[in-house]
Amino acid sequence: MSDAAPARRAPSKAVRLRAVWYRHWKVYSKFIVANATPAVLEPTFFLLAVGFGLGRYIHREFNGLEYDAYMAPALLAMTSMYTAAFEASYGTFIRLRYQKAYEGMLATPLTRHDIFTGELLWCGSKGLLFSSIVALVLLAFGHLRTPWAVLVPAIGFLNSIVFAGISYLVTSWVKNINHFQFYFTIGLTPLGLLSGLVFPVRELPYGLEYAAYATPLFHTIETFRLVVSGPAHTSVAWAWACPLVLVTMAIVLGALGVRRMKGRLKA
Amino acid sequence: MKRYAALTAVDSVNLRIPRGTCYALLGPNGAGKTTLSKMIAAVLPRDGGQMEVLGFDPWIEQSEVKARLGVVMQSEVFDEDLDVRRNLEIYGGFFGLRGAAFQKKIQELLKFVQLEGRDDDAVQALSGGMRRRLMIARALLNDPELLVLDEPTTGLDPQVRHAMWGTLRQLKQRGLTILLTTHYMEEAAQLADRVGILFKGKLIAEDAPRNLISEHLPPWVLEFDASGHEETLVALGAETLAERHGDRAFVFHRDEAALRRWVGEKAFGAAVVRSTSLEDVFLKLTGRTLDE
């Protein structure tokens, strides 16, 4: 507004991505206590219920562990999966269709790629935050058995990128917000059952075990088992390869999801 | 040019906006105003033709163009739960703006749009007029070289609209280049150095508001209720330019006295003699009213 307006230059890609991330952080952190409470309480209640309730009726070992200790790494995977899936489906759709938040952002130096890559990184950060919180709960219950558990936040980040990417693919295609019900009920819930969440995949019938190996969540859960419970308590002998699959899927699915959402915003 | 599946929204538009001037794109709903302004603001890609905004191709160098632009779109997009200052900080962040100088800028702009002391109010607590002023402040955060406003006063009550015009006039005096779209004739006449009439995606006329009127119509018009005066209208039409739009008849003439004489002679219903407006030009060129 000064008389001789200086020639502005576009900010760098890093600055733009950080700005998108910052926007989401500020909007989210306004109600951080309300938003983060379920992340703490849900796994706590679950571990209490399994540890003092259901677990007492289960007289066998899972991967050489008590049932609640077997479940513990899977809780990290579920938390980071659902937080990213909700953010990049309902959250993104609301911003796209109802809040028109992206329209406002597009009037600034942000490109479509910046908008969705920054948001993807935000989803990853939420996964990092939530898995860290759950890890503290697990620590309190004595379920963190190896020092490699310091890697939990990074794995939570990667898993959230994977599921934000997948959710972007769904969101780029969905026309009505109610259709996300199908995604969660027919997609993610059975995925949890198939991926070794509540029992080891080798116990799946009809060769479904091999289908499990094709799912992203299986590799995340195994990676969490490696660092939380230790290599002796994984579901498959080749669990060491799972982190590599996880990283690859995060890169591929994240990039694909961003690309699809860019197209969705173009219309 | 911008094409949708079966519709060419913007076609063969040729316009130049010299720096420091205000250009108004005038047209009815659906004329292509918003599409064109979004293409200029590097928000929408175009399907053909050439465009240069501040020396850049707006689609190829999106970020460079947008870094130098202030944009006020029709949809008021704010983070409603956050306060005024935080909204401006976040938006400035998209331009890479932060730090003490930027905070000073925020205060300066809040003062300019008369929202001083509202820093800590949640945006959702602001009135419609205040929100629109906040949008102006937000669009000025980056010291833009060009301000693009898409129907900046649509839906505002008259008082707020006049205040908005005052603000835009001040910005113009400071040398800011302004492109605005509107379907209010008065807005275009009040603010713009040049007016382009956009109709069905084509620029059908363009000039300074006053010239636009004198080029196309005589300076005076007699407007009256046409029903029952069909023959009179035909007779007058032989002498001068007469048109009928719906129930209203319009007789244009260079001589005001002649029009007043006719009002005296014939028993016209609800007759009024007034100077020709941009709206009349618009009616003549497009054969329809702006509100349709």
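Numbered from 1 within each chain, the chains take letters A, B, ... in sequence-line order. Just so it is clear, the values below take in all heavy atoms, side chains as well, and ignore hydrogens, waters and symmetry mates.
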Heavy-atom closest pair, residues B/Ser63 and A/Thr111: OG-CG2, 3.5 Å
Top contributor to chain A contacts, counting heavy-atom pairs under 4.5 Å, from B/Glu89, B/Arg138, B/Arg86: B/Arg86
A/Lys175 atom NZ: more than 12 heavy-atom contacts under 6.0 Å: yes
Which portion of B/Glu64 sits near chain A, non-hydrogen atoms under 4.5 angstrom: both
Neighbour count >12 (heavy atoms, 6.0 Å) for atom NZ, B/Lys111: no
Chain A contact via B/Leu97 - which portion, at a heavy-atom distance below 4.5 Å: side chain
Within 6.0 angstrom of B/Arg85 CZ, more than 12 heavy atoms from elsewhere: yes
Heavy-atom contacts under 4.5 Å, residues 101-110 of chain A to chain B: A/Ala101, A/Glu103, A/Gly104, A/Met105, A/Leu106, A/Ala107, A/Thr108, A/Pro109, A/Leu110
Point-to-point distance, once rounded to the nearest 0.5 Å, from CG of B/Asn142 to CZ of A/Arg9: 15.0 Å
Toward chain B, the part of A/Arg23 with a non-hydrogen atom under 4.5 Å: both
Derivation of the side chain to side chain contact (heavy atoms under 4.5 Å, CB included) call for B/Leu82 and A/Lys26: CA-CA 8 Å; B/Leu82 301 182; A/Lys26 278 297 158 193; 4.2 Å; yes
Top contributor to chain A contacts, counting heavy-atom pairs under 4.5 Å, from B/Glu80, B/Arg98, B/Glu61: B/Arg98
